[in-house]
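Remarks on the structure that follows.
Here, residue 1 is the first one in the sequence, and each next residue gets the next number.
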Amino acid sequence: MLFRPGALVAATMLFGLPASAEEIVRISGWGGSEVAIVNGLLTNVLAEKLAEEGIRVKYEPVDGDYSQFIINGLSAGTAPDLFYVDTFWARSVFSAGQAAPVTNDVSGFAANLLTAFTYDGKLYSTPKDFNTLAIHFNKDIFDDAGVGYPSDDDTWTTLQEKLVAVNKSLPEVDGLCVVPEYARFGAFALSTGWSPFDARGKTVLDKRFRRAFDFYTGLVKSGAAVMAADAGHSWTGGCLASERAAVAIEGAWILSALRDSAPNMNLGTVRMPKDPESSKRGNIVFSVGWTVNAASKVSKAAAKVAELLTTEEAQQWVLEQGLALPSRTSLNDNPWLRGGQPEQIASRVVLEGLSDDHVMPYFFGDVGGSWMQPINAALNSVILGEEDANTALLSAQSAFDRMLAK
């Protein structure tokens, strides 16, 4: 998911009936559009059950650098009793002994969401939900430009041709905003058959990676895209919402942002384009899990809250808000996902991304999020014209060789 900087949101809410025997569980998650979702979940779905369990929930959303807030809080002894961890930095919390096991019953969750939350054979986070990437586009812009919509049949090449055509017809609109991050580029690299780690646990930036790298960094030069920062945005969804770009590469989290900032957009969503050489799609699975603070004095109550927040009933409610897809497989065939509204179509396409040809979790083992830095630096320097691809990728490969030396 996307996390945007800001300040700690002061909003605090208490749920449940006050009584001296009740236990108070502090929970924390992202701010922004998540606040309304979690508040709604706690008040509309779980209030009665929490009261029955004798639990009051104190909700403290964070609209800022969330991972740093949690890591600092764990070190200082001020972290909440229950909080999100993202797959790419979860291992640092687990290996430090700062999380308590949450449940032994994993039967209802998608298997490929559990790997990143399991450490030393124990599950330390309950998968909250997941997202993959998709192509979201403004149909009205394509109509005005006289260009055919993006489709599930697109390859990198045909999508690029459509984006260039939009910009030629409507010079004030770019086809796409690109960000120099593995979190978006990685889907293209994976579609070639490249893997972040080979059988020896090494990262090798081979010819397949280079082909995707050249395509992605060449989007700006070809006229298909602009750097998001140059368009005044920090993410591709901001460019789409402001109609600066015709297309965004995001997950279902974009829906809540568009609901607030562009509620009348004529939105379309299709799957990620195929690599024209391999004819395969790539995708990344993003997920967060509810994690119990090992130092919590109400850890049993916190684990109960995690269980209630991820029941089928709770996930059904969250699904219908159009923010993320449920982690419970029993909801994959939910009738809501078969509807024809733009938000239903977008959610269905994001769900289908889980079964693309080459799908990897947004998880990098013990290395954690620092694994992405060499690739992000290479993407940034080449797109900005500061280095050529050969120089940037040699530097990135050297960084990986040092990082993964054993």
Kindly compute the distance separating [atom1] ([X]) from [atom2] ([Y]), expressed to the nearest 0.5 Å.
{"X": "L133", "Y": "I249", "atom1": "CG", "atom2": "CD1", "answer": "7.5 Å"}
{"X": "L123", "Y": "T291", "atom1": "CG", "atom2": "OG1", "answer": "9.0 Å"}
{"X": "C177", "Y": "R244", "atom1": "SG", "atom2": "CZ", "answer": "6.5 Å"}
{"X": "D129", "Y": "L319", "atom1": "CG", "atom2": "CG", "answer": "10.5 Å"}
{"X": "Q341", "Y": "R348", "atom1": "CD", "atom2": "CZ", "answer": "11.0 Å"}
{"X": "N138", "Y": "C239", "atom1": "CG", "atom2": "SG", "answer": "13.0 Å"}

E386, CD: over 12 other non-hydrogen atoms inside 6.0 angstrom: yes
Quick check against the 3.5 Å criterion: does [X] have a side-chain atom that pairs as donor or acceptor with the backbone of [Y]?
{"X": "S395", "Y": "A392", "value": "no"}
{"X": "D154", "Y": "P273", "value": "no"}
{"X": "Q344", "Y": "W336", "value": "yes"}
{"X": "T158", "Y": "T155", "value": "yes"}
{"X": "Q397", "Y": "L205", "value": "yes"}
{"X": "S347", "Y": "L337", "value": "no"}
{"X": "T217", "Y": "L379", "value": "no"}
{"X": "W194", "Y": "V204", "value": "yes"}
{"X": "K139", "Y": "Y149", "value": "no"}

Give the minimum heavy-atom separation between [X] and [Y], together with the two atoms involved.
{"X": "T118", "Y": "R91", "answer": "O-NH2, 3.8 Å"}
{"X": "F213", "Y": "A389", "answer": "CE2-CB, 4.0 Å"}
{"X": "A248", "Y": "I254", "answer": "CB-CD1, 3.9 Å"}
{"X": "G31", "Y": "P61", "answer": "CA-CB, 4.2 Å"}
{"X": "F94", "Y": "A116", "answer": "CE1-O, 3.7 Å"}
{"X": "A241", "Y": "M265", "answer": "CA-CE, 4.0 Å"}

Is there side-chain contact between [X] and [Y], with heavy atoms separated by less than 4.5 Å?
{"X": "M227", "Y": "L384", "answer": "yes"}
{"X": "F209", "Y": "I375", "answer": "yes"}
{"X": "P335", "Y": "R338", "answer": "no"}
{"X": "E181", "Y": "N380", "answer": "no"}
{"X": "F83", "Y": "L74", "answer": "yes"}
{"X": "L267", "Y": "I345", "answer": "no"}
{"X": "E307", "Y": "W290", "answer": "no"}
{"X": "R56", "Y": "L50", "answer": "no"}

Answer with yes or no whether the side chains of [Y] and [X] bring together a donor and an acceptor at under 3.5 Å.
{"X": "T87", "Y": "S287", "result": "no"}
{"X": "S296", "Y": "D81", "result": "yes"}
{"X": "T391", "Y": "D388", "result": "yes"}

Start with the C-alpha distance between W253 and W30, add both sets of side-chain angles, then the distance that settles side chain to side chain contact (heavy atoms under 4.5 Å, CB included), and finish with yes or no. CA-CA 12 Å; W253 56 76; W30 301 307; over 6 Å; no
Is it true that Y119 and F117 have ring centroids separated by less than 6.0 Å? no
What do you reckon, are the aromatic ring centroids of W371 and F88 less than 6.0 Å apart? no
Salt bridge (Lys or Arg N to Asp or Glu O under 4.0 Å) between R211 and D275, worked out: CA-CA 10 Å; R211 192 156 51 77; D275 170 14; 2.7 Å; yes
Would F215 and F185 count as a ring-ring contact (aromatic ring centres under 6.0 Å, His included) if you check the C-alpha gap in whole Å, the side-chain angles of each, and the deciding distance to 0.1 Å? CA-CA 10 Å; F215 167 75; F185 158 74; 9.4 Å; no
Qualifying residue, where the test is salt bridge (charged side-chain N to carboxylate O under 4.0 Å, His left out) with R271 and the options are D152, D357, D356: D356
Salt bridge (Lys or Arg N to Asp or Glu O under 4.0 Å) between K49 and E52, worked out: CA-CA 5 Å; K49 292 182 174 60; E52 290 172 355; over 6 Å; no
Using the rule given for salt bridge (Lys or Arg N to Asp or Glu O under 4.0 Å), can you reason through K300 versus E23, listing the C-alpha separation, both sets of side-chain angles and the distance that settles it, and then say yes or no? CA-CA 10 Å; K300 288 186 178 179; E23 291 187 291; over 6 Å; no
Determine the interplanar angle of the F286 and Y362 rings, folded into 0 to 90°, and report it as parallel if under 30°, tilted if 30 to 60°, perpendicular if over 60°. tilted
Going by the angle between their ring planes, with limits at 30° and 60°, are F142 and F137 parallel, tilted or perpendicular? perpendicular
Could you walk me through whether E34 and Y66 pass the side-chain hydrogen bond (donor to acceptor under 3.5 Å, both in side chains) check? CA-CA 13 Å; E34 280 263 315; Y66 180 75; over 6 Å; no
Should L82 and L309 be marked as a side chain to side chain contact (heavy atoms under 4.5 Å, CB included) after you check the CA-CA gap, both sets of side-chain angles, and the distance that decides it? CA-CA 11 Å; L82 185 67; L309 286 165; 4.1 Å; yes
Evaluate the criterion side chain to side chain contact (heavy atoms under 4.5 Å, CB included) for residue pair K128 and Q315; output intermediate values, then yes/no. CA-CA 8 Å; K128 170 181 170 286; Q315 293 207 338; 5.8 Å; no
How far apart are the C-alpha atoms of T269 and H136, what are their side-chain angles, what is the distance that settles it, and do they pass the side-chain hydrogen bond (donor to acceptor under 3.5 Å, both in side chains) test? CA-CA 4 Å; T269 303; H136 306 275; 3.1 Å; yes
Passes side chain to side chain contact (heavy atoms under 4.5 Å, CB included), H233 versus S242? Steps please. CA-CA 9 Å; H233 294 280; S242 66; 3.1 Å; yes
Taking it one step at a time, do T192 and S278 satisfy side-chain hydrogen bond (donor to acceptor under 3.5 Å, both in side chains)? CA-CA 6 Å; T192 68; S278 72; over 6 Å; no
Does the pair E320 and Q316 meet the rule for a side-chain hydrogen bond (donor to acceptor under 3.5 Å, both in side chains), with working shown? CA-CA 6 Å; E320 294 180 6; Q316 169 76 32; 2.4 Å; yes
